[in-house]
Participant: 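Below is a structure I'd like to ask you about.
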Amino acid sequence: MSGSALYETFARAPLAFDHGEGTWLVTDKGERYLDFAGGIAVNSLGHSHPHLVAALTEQAAKLWHVSNLYEIPGQSRLGERLADATFADKVFFTNSGAEALECAIKTARRYHFVKGHPERFRVITFEGAFHGRTLATIAAGGQYKYLEGFGPKVEGFDQVGFDDIDAAEKAITPETAAILIEPVQGEGGIRPVPTQSLKRLRQLCEQHGLLLIYDEVQCGIGRTGKLFAHEWSGVTPDIMAIAKGIGGGFPMGACLATDEAAIGMTSGVHGTTFGGNPLAMAVGNAVLDVVLEDGFLEDVQRKALLMKQGLAAVADEFPEVIEDIRGTGLMLGLKCAMPNTKVNMAMRDQHLLAVPAGDNVIRLLPPLTVTDAEIHDALNRIRAGAKGLAEAIAAAAAK
Ligand SMILES: Cc1ncc(COP(=O)(O)O)c(C=O)c1O
């Protein structure tokens with residue numbers, strides 16, 4: 001056996017956390033880290049949020065699992081609350097983002113099937129997308145590094161350039177079923193899609209009878225300062241995949257759809273053992289209790305501005321390290337002027353956790369509950385990291 005019993009699929013940092021408190025993670029050695037990685041947008045309400053802990057432990061003492069062969073009241077309640085808060089009429093609960101996307105893709109294909117067009121199964125996607133690691137979702141994401149070696153790519157995904165709506169239009173054929181897009185690309189490097197582009201995609205869908213699918217697995221649940229990122233554009237989808245933040249750290253996801261889009265998802269055509277189980281539903285409902293509280297999202301918007309302004313100042317001071325600030329809400333990216341992995345390490349040395357993304361970006365995804373003081377603290381650490389790197393660049397140049 002080589003070193004560890006675990007698959008070597010993750011390049012892990014040499015850090016093991018023992019517990020978390022709000023925006024902080026504490027290692028097994030008692031060292032404290034400011035967590036602006038947030039489990040890659042999972043820990044929407046930070047660590048050990050008292051309302052989530054209470055909801056989970058209360059449910060754990062009552063009932064952990066019951067099959068979807070029976071009524072699950074927490075599931076009906078969360079489904080209704082998500083439908084009330086969005087464009088959707090119907091919800092299917094999953095355990096992960098990739099499963100929510102699988103459900104979204106299946107929903108779109110079944111829609112055309114029951115409408116008498118089984119030939120319409122293809123989905124248009126965008127360069128830089130990330131939709132998960134199942135065989136279908138790596139095909140949807142279209143990134144060679146995730147497809148290589150896993151056999152024939154699942155058929156039915158046509159990729160065009162990021163924000164290239166003309167190319168999307170040209171890619172539509174009589175076999176096209178849907179267009180799938182993240183309103184803000186996460187893994188692709190925190191790239192928001194302009195409102196105008198979403199509007200054009202919506203028009204194309206109307207014109208050609210296609211379904212518009214949003215992937216809000218990373219950008220949803222308050223991350224951008226609205227419950228869902230697409231609300232900023234006012235352009236609603238027919239189907240939407242969510243996950244991450246809705247569980248606040250408990251594994252769960254969901255596929256939301258209009259009545260019309262979900263028309264093919266009839267009894268027996270889809271299923272899951274664990275999706276929508278009582279523990280996940282208790283936590284999901286508790287997350288919504290907090291995120292939908294009066295003023296919560298407005299406060300996220302205010303804090304996001306504070307953070308973005310602070311980051312812009314650091315970028316102005318150290319352009320040789322940080323080239324640009326991008327993103328929206330508490331989903332911000334530092335476009336790096338040097339390898340993002342180095343910047344990430346320098347920030348980690350300052351005990352600030354962030355996440356590298358595509359396009360040489362570092363993602364900052366703090367809990368939505370982050371305080372102003374923690375934002376200032378993080379900015380100081382980012383500045384200290386950037387300063388150290390800038391000094392190293394200057395020293396190397398002077399040699
Ligand atoms: C936008 C997006 N879609 C889908 C996924 C896949 O989610 P999961 O890892 O829960 O399967 C991710 C995960 O990072 C994501 O960011």
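Every number for a ligand or one of its atoms is a count from 1 in the order of the listing. Treat the numbers as computed from the prediction; the structure is a model and nothing was measured. Sequential numbering from 1 along the given sequence is applied to the chain's residues.
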Participant: Can you tell me if Asn68 and Gln75 form a side-chain donor-acceptor pair at under 3.5 Å?
Facilitator: yes

Participant: Would a search of protein heavy atoms around atom 9 (O) of ligand 1 find one under 4.0 Å away?
Facilitator: no

Participant: What do you reckon, does Asp215 put a non-hydrogen atom under 4.0 Å from ligand 1?
Facilitator: yes

Participant: For Phe17, what residues pass the ring-ring contact (aromatic ring centres under 6.0 Å, His included) criterion, not counting sequence neighbours?
Facilitator: Tyr33

Participant: Thinking salt bridges, do Lys170 and Asp166 make one under a 4.0 Å N-O criterion?
Facilitator: no

Participant: So Arg202 and Glu206, salt bridge (charged side-chain N to carboxylate O under 4.0 Å, His left out) or not? Walk me through it.
Facilitator: CA-CA 6 Å; Arg202 180 76 264 174; Glu206 301 303 325; 2.9 Å; yes

Participant: Check if Glu99 has a non-hydrogen atom at a distance under 4.0 Å from any atom of ligand 1.
Facilitator: no

Participant: Atoms of ligand 1 less than 4.0 Å from Glu187 heavy atoms?
Facilitator: 14 (O)

Participant: Between Gln203 and Arg200, does a side chain to side chain contact (heavy atoms under 4.5 Å, CB included) hold up when you go through it step by step?
Facilitator: CA-CA 5 Å; Gln203 280 163 3; Arg200 280 194 61 204; 4.2 Å; yes

Participant: If the condition is ring-ring contact (aromatic ring centres under 6.0 Å, His included), which residues does Phe228 pass it with, not counting sequence neighbours?
Facilitator: none

Participant: Nearest to atom 5 (C) of ligand 1, what protein heavy atom do you find, and at what distance?
Facilitator: Val217 CG1, 3.7 Å

Participant: The test is side-chain hydrogen bond (donor to acceptor under 3.5 Å, both in side chains); show your working for Thr224 and Trp232 and say whether it passes.
Facilitator: CA-CA 9 Å; Thr224 66; Trp232 289 107; 3.1 Å; yes

Participant: Purely on distance, is any nitrogen or oxygen of Gly97 under 3.5 Å from one on ligand 1?
Facilitator: yes

Participant: Nearest protein heavy atom to atom 16 (O) of ligand 1, by residue and atom, and its distance?
Facilitator: Gln218 NE2, 2.7 Å

Participant: Glu182 to ligand 1: N or O pair under 3.5 Å?
Facilitator: no

Participant: Hey, which atoms in ligand 1 end up nearer than 4.0 Å to a heavy atom of Lys244?
Facilitator: 12 (C), 13 (C), 14 (O), 16 (O)

Participant: Identify the closest protein heavy atom to atom 11 (O) of ligand 1: which residue and atom is it, and at what distance?
Facilitator: Ala98 N, 2.8 Å

Participant: Give the minimum heavy-atom separation between Ile221 and Ile242, together with the two atoms involved.
Facilitator: CD1-CD1, 4.3 Å

Participant: Do any nitrogen or oxygen atoms of His131 come within less than 3.5 Å of a nitrogen or oxygen of ligand 1?
Facilitator: no

Participant: State the atoms of ligand 1, each with its element, that fall below the 4.0 Å cut-off from a heavy-atom position in Ser96.
Facilitator: 10 (O), 11 (O)

Participant: Any side-chain heavy-atom pair from Met307 and Phe36 closer than 4.5 angstrom?
Facilitator: yes

Participant: State whether the shortest distance between N or O atoms of Phe130 and N or O atoms of ligand 1 falls below 3.5 angstrom.
Facilitator: yes

